[in-house]
Amino acid sequence: MTVLKTSLRNFLAHKGRMALSAVAVLLSVAFVSGTLVFTDTMNTTFDKLFAATSSDVTVSARGASDTGETTSDTGRPPVLAASVLGKVRAVDGVRSAEGTVFSTSVTVVDRKKESLSPSSGAPTIVGSWNGNDARTMRITSGAAPHGSGQVMVDADTADRHHLGLGDEIGVISAVGTHTAKISGIAAFQVTNPGAAMFYLDTPTAQRTLVGQPGVYTNVNVTAADGVSDARLKRNVVGALGPGYQVQTAKETADANQKDVEELLGVMKYAMLGFAGIAFLVGIFLIINTFSMLVAQRTREIGLMRAVGSSRRQVNRSVLIEALLLGVLGSLLGVGAGIGIAVGLMKLMSLVGMNLSTGDLTVAWTTPVIGLLLGVVVTVLAAYLPARRAGKVSPMAALRDAGAPADARAGRVRALVGVVLTGGGGYCLYLASAADKSSEGSLWLGLGVLFSLIGFVVIGPVLAGAMVRVIGAVVLRAFGPVGRMAERNALRNPRRTGATGAALMIGLALVACLSVVGSSMVASATDQLDETVGADFIIQSDSGQMLTPQAVKAIKDTPELARVTEYKLTKADYTTPDGKTLKNTDITAADPTYATDLRTETVAGDLKDAYLPDSMSVHEKFAEDHGIRLGSKITVAFRGGRTAHLTVRAITSSDVVIDAGAKYISTETLARYVPAANMPLDMLVFATAHQGQQKDAYPALKAALHDYPQYTVRDQSDYKDALKDQIGQMLNMIYGLLGLAIVVAILGVVNTLALSVVERTREIGLMRAIGLSRRQLRRMIRLESVVIALFGALLGLGLGMGWGATAQKLLALEGLRVLEIPWPTIIGVFVGSAFVGLFAALVPAFRAGRMNVLAAIATE
């Protein structure tokens with residue numbers, strides 16, 4: 001009980017000093033809890049949606065996916081004949097059955113040809129209004145569609161794009177463009193996560209989405225009273241036989257939810273990974289806090305030992321303080337995490353994904369995980385300072401505060417740090433020298449781990465030399481104040497090293513990702529310059545295929561010298577080694593593609609692959625299956641016949657663009673696949689007549705004015721789009737890493753605040769002999785800048801090493817250019833100095849306000 005009282009007294013006595021450490025725990029736990037609450041809420045929202053919208057049993061064509069996604073490479077959904085509906089209605093146990101048509105391979109535009117698709121990436125769905133929808137949607141104004149000139153839209157989309165009754169919209173599908181006026185607006189009875197819904201009547205949907213009457217993409221079946229979904233499914237399967245996909249409501253909902261969980265899983269574990277980084281940085285803050293508190297209480301602990309406290313009791317006293325800190329920070333963190341989840345939901349609503357706070361889900365595991373993580377991490381971080389406190393002898397009560405440094409421990413630490421750093425460097429060397437990226441990735445991971453731990457351990461040793469160098473460059477201009485700031489940073493290398501290491505971790509990851517991202521962009525743009533011979537690339541950013549009408553409009557552009565169509569489909573391969581590869585990609589293009597994409601070949605001529613009944617394969621595929629020039633491959637095309645194709649060329653596998661492609665001509669594809677099943681173009685390459693590139697660009701855009709779903713890009717546009725994609729991804733990662741950097745800044749603030757308290761008497765003496773308040777504040781700010789720049793140098797140097805090694809592995813996949821983004825690196829380094837200034841504001845202000853006489857009298 002005495003130990004607990006002592007711990008409580010010390011905790012409350014130093015509550016101000018504990019506050020920043022508690023904030024670090026709070027932030028880390030909040031990020032974990034917020035991530036869990038947010039993803040659980042998303043799952044709840046989609047569970048309710050899928051449960052509400054799924055019929056008792058759904059019958060789909062065999063080509064449909066488990067989730068009901070019906071888009072194929074023809075741009076049209078696979079369909080069921082009208083006779084299927086009649087058969088299902090006659091099945092025992094069926095109360096009702098209704099045929100429906102829907103597609104997600106559509107673009108919907110307003111009168112100005114502007115897209116009405118969600119900006120969040122959620123799907124645009126156009127379908128026939130049916131009884132199942134009437135059960136989950138409520139018409140708030142107007143009426144359901146009736147006739148080809150009417151369409152109904154969901155309320156969220158109408159609000160987002162300011163649509164009203166009577167407004168005209170266009171539905172663009174592989175069949176063509178259909179225009180209609182809004183006859184009604186319907187609101188979801190459950191939360192709509194952001195999909196844009198448009199409803200036509202059934203005959204219009206059949207003509208618009210499929211291009212033929214009397215067919216359906218799905219048959220929604222409702223069970224009679226007392227008939228289970230499982231029994232109904234068995235009856236339907238028995239009546240229809242094989243060749244159809246039949247699912248119960250639970251199976252449909254589970255299949256949809258599986259896709260959602262895969263997407264959310266990636267996001268969830270990525271965010272938890274960044275929370276882990278924040279926890280790691282927080283460990284340094286907690287270690288520093290307790291180490292300094294123990295050092296400042298050396299005399300007090302010595303007195304406790306002198307009056308009978310055992311080492312174990314002193315150790316437990318410090319650990320109980322850590323436990324209190326962990327519990328308090330974790331409890332506040334769990335609460336803040338719920339707030340973060342609500343904030344994320346509001347943020348998602350701004351980009352078009354609507355999530356209701358009524359679905360907010362806080363599972364019992366979330367606070368338990370948050371508390372366990374926060375408490376365990378805090379107690380573990382405080383273990384070493386607690387152990388150090390337990391070693392304080394009773395004689396320490398006779399000395400001035402401050403534990404003497406253990407020289408032997410410092411030498412052991414330096415030796416361990418050198419070994420770990422050297423081991424990490426050797427692993428990075430092995431990664432850069434690897435022949436296969438899979439092997440190199442393991443060495444890279446080990447290299448990152450060992451080098452990071454090594455730099456953390458050796459940080460105090462490096463602090464002495466690096467702070468002197470930084471001081472010589474940065475602090476000499478500030479005269480005696482600068483020299484005092486340098487000596488303060490050097491006074492306790494262990495503390496400076498730990499504080500700098502906290503900042504180092506976040507900045508190392510920033511530098512590494514910057515190098516990798518810049519190298520990827522530089523490598524891809526370099527390959528574009530080397531290999532792409534076409535002037536323009538036309539494609540849909542939403543993944544829609546190019547319709548024949550759009551391709552014709554491109555080909556009719558007079559400024560173009562040639563147009564190359566590019567299709568991607570699936571086939572089953574039987575290779576010379578006797579293996580059968582199911583559902584494998586095959587690329588069909590016009591013979592001019594050999595000029596539009598100058599792909600390196602290791603055997604044969606790529607132009608020959610476009611001869612009748614010929615193909616090319618890439619080098620790795622050829623090696624894996626014993627393929628040579630002249631080998632025969634049996635190719636069973638999806639939706640077509642089987643062909644026996646001769647390998648005329650083997651392309652290099654060491655490329656970025658079209659990596660792993662196997663080429664045939666569109667003429668060969670057309671020979672074995674009937675016109676009705678012929679895939680649409682994924683993209684089209686166009687080349688202008690000599691000297692007409694500038695005129696061809698606006699002419700192409702004008703030709704595709706009626707097809708806003710497609711984007712025309714020249715090579716410069718394509719490079720910019722690539723940079724933007726990678727840049728957006730990096731900015732998101734930098735934002736998440738910002739949490740770790742915020743925690744690291746708290747570490748600098750805490751270190752300086754405790755350092756000011758530790759040096760109270762010294763500060764009073766300096767003020768007494770003439771140091772002004774302004775000079776004192778400047779000294780503390782400069783000390784903070786030095787610590788921040790020390791951490792930045794370590795982090796940026798380490799991160800660039802990781803990034804350069806990662807690029808060596810990417811070079812094995814064709815990304816050969818290493819590019820160091822010096823503006824980013826220099827900007828981060830300079831920004832670190834401002835971070836140091838910002839972190840020192842409060843400690844410097846408090847130091848400047850100290851009463852001189854009271855400071856001198858401090859024990």
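The first residue of the sequence shown is numbered 1, and numbering continues consecutively from there. Keep in mind the model is a prediction, meaning the values are calculated, not measured.
Of the possible donor and acceptor atoms, none in the side chain of Q544 sits under 3.5 Å from a partner among the backbone N and O of S173. One N or O on the side chain of Q150 and one on the backbone of H146 form a donor-acceptor pair closer than 3.5 Å. With S33 contributing its side chain and A30 its backbone, the two residues share no donor-acceptor pair below 3.5 Å. The backbone N or O of M197 lies less than 3.5 Å from a partner atom in the side chain of D154, making a donor-acceptor pair. Without hydrogens or angle criteria, T217 side chain to F102 main chain gives a donor-acceptor distance under 3.5 Å. Remark: the backbone N or O of S148 is paired with a side-chain donor or acceptor of H178 at under 3.5 angstrom. Between the side chain of Q247 and the backbone N or O of T58 there is no donor-acceptor pair closer than 3.5 Å. Checking side-chain atoms of T666 against main-chain N and O of A588 turns up no donor-acceptor pair under 3.5 Å. Between the side chain of D56 and the backbone N or O of A223 there is at least one donor-acceptor pair closer than 3.5 Å. K567 contributes a side-chain N or O that, together with a main-chain N or O of P679, makes up a donor-acceptor pair within less than 3.5 Å.
Closest non-hydrogen pair, A205 versus V101, comes out as O-CG1, 4.0 Å. What you find for P145 and M152 is that their closest heavy atoms are CD-CB, 3.8 Å. Considering all non-hydrogen atoms of both residues, V362 and P367 come closest at CG1-CD, 4.4 Å. What you find for I172 and D706 is that their closest heavy atoms are CD1-O, 4.2 Å. Summarising the geometry of G34 relative to A341, their closest heavy-atom pair is O-CB, 3.7 Å, with the distance given to 0.1 Å. In this structure, T140 and A187 approach most closely via the heavy-atom pair CG2-CB, 3.8 Å.
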(request) Would you check, one step at a time, whether the test side chain to side chain contact (heavy atoms under 4.5 Å, CB included) holds for K555 with E565? (result) CA-CA 10 Å; K555 289 183 175 180; E565 297 183 52; 2.6 Å; yes
(message) Between I586 and F637, is the side chain to side chain contact (heavy atoms under 4.5 Å, CB included) condition met? List the steps.
(response) CA-CA 9 Å; I586 189 163; F637 290 101; 4.2 Å; yes
(request) Give the C-alpha distance, both sets of side-chain angles, the deciding distance and a yes or no for side chain to side chain contact (heavy atoms under 4.5 Å, CB included) between T136 and F188. (result) CA-CA 6 Å; T136 57; F188 278 87; 5.8 Å; no
(message) Is there a side-chain hydrogen bond (donor to acceptor under 3.5 Å, both in side chains) between S54 and T252? Walk through the geometry before answering.
(response) CA-CA 7 Å; S54 300; T252 301; 5.0 Å; no
(message) As a quick check of understanding, evaluate side chain to side chain contact (heavy atoms under 4.5 Å, CB included) for V109 and Q709, giving each step before the final call.
(response) CA-CA 9 Å; V109 296; Q709 69 270 40; over 6 Å; no
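Rounding to the nearest 0.5 Å gives a distance of 7.5 Å between CD1 of I182 and CG of L165. Here the CZ atom belonging to F31 is positioned 8.5 Å from the CG atom belonging to L272, to the nearest 0.5 angstrom. Once rounded to the nearest 0.5 Å, the distance linking CD1 of I538 with CE of M682 reads 14.0 Å. Once rounded to the nearest 0.5 Å, the distance linking CD1 of I185 with CD1 of I139 reads 11.0 Å. Here the straight-line distance linking atom CG of N220 with atom OG of S55 works out to 4.0 Å at 0.5 Å rounding. Atom CD1 in I554 sits 8.5 Å away from atom CG in D681 (nearest 0.5 Å).
For the side chain to side chain contact (heavy atoms under 4.5 Å, CB included) test, no residue two or more places apart in sequence or in another chain qualifies with D159. For F46, the ring pair (Phe, Tyr, Trp, His ring centres under 6.0 Å) test picks out F50, with sequence neighbours left out. Evaluation of the salt bridge (charged side-chain N to carboxylate O under 4.0 Å, His left out) rule for D254 yields K250 as partners, not counting sequence neighbours.
Residues L116 and T124 have side chains not in contact (no heavy-atom distance under 4.5 Å, counting atoms from C-beta outward). Two residues are said to be in side-chain contact when any heavy atoms from C-beta on lie closer than 4.5 Å; L80 and L85 fail this criterion. Between L546 and Y707 the shortest side-chain heavy-atom distance does not fall below 4.5 Å. No side-chain heavy atom of V126 sits under 4.5 Å from any side-chain heavy atom of T208. Counting heavy atoms from C-beta outward, Y710 and T547 have side chains that approach closer than 4.5 Å. Side-chain contact between L240 and K87: present, with at least one pair of heavy atoms (C-beta onward) separated by less than 4.5 Å. I338 has its side chain within reach of L360: a pair of non-hydrogen atoms, C-beta onward, lies under 4.5 Å apart. For the pair Y566 and V684, the minimum side-chain heavy-atom distance is 4.5 Å or more.
The pair K570-D585 meets the salt-bridge criterion, with a side-chain N (NZ, NE, NH1 or NH2) lying under 4.0 Å from an Asp/Glu carboxylate O. Electrostatic pairing of D225 and R95 counts as a salt bridge here, judged by a charged N lying under 4.0 Å from a carboxylate O.
The only member of T222, V227, V246, V237 that meets side-chain contact (heavy atoms from CB on, under 4.5 Å) when paired with L232 is V227.
Aromatic ring orientation, Y697 versus F536: parallel (interplanar angle below 30°, classes split at 30° and 60°).
For S60 and N218, the side-chain atoms include at least one donor-acceptor pair closer than 3.5 Å. Judged purely by distance below 3.5 Å, without hydrogens or angles, the side chains of D133 and N130 pair a donor atom with an acceptor atom.
Enclosure of atom CZ in R713 by more than 12 non-hydrogen atoms of other residues, nucleotides or ligands within 6.0 angstrom is indicated. Residue Y734 places its OH atom among more than 12 non-hydrogen atoms of other residues, nucleotides or ligands, all under 6.0 Å distant.
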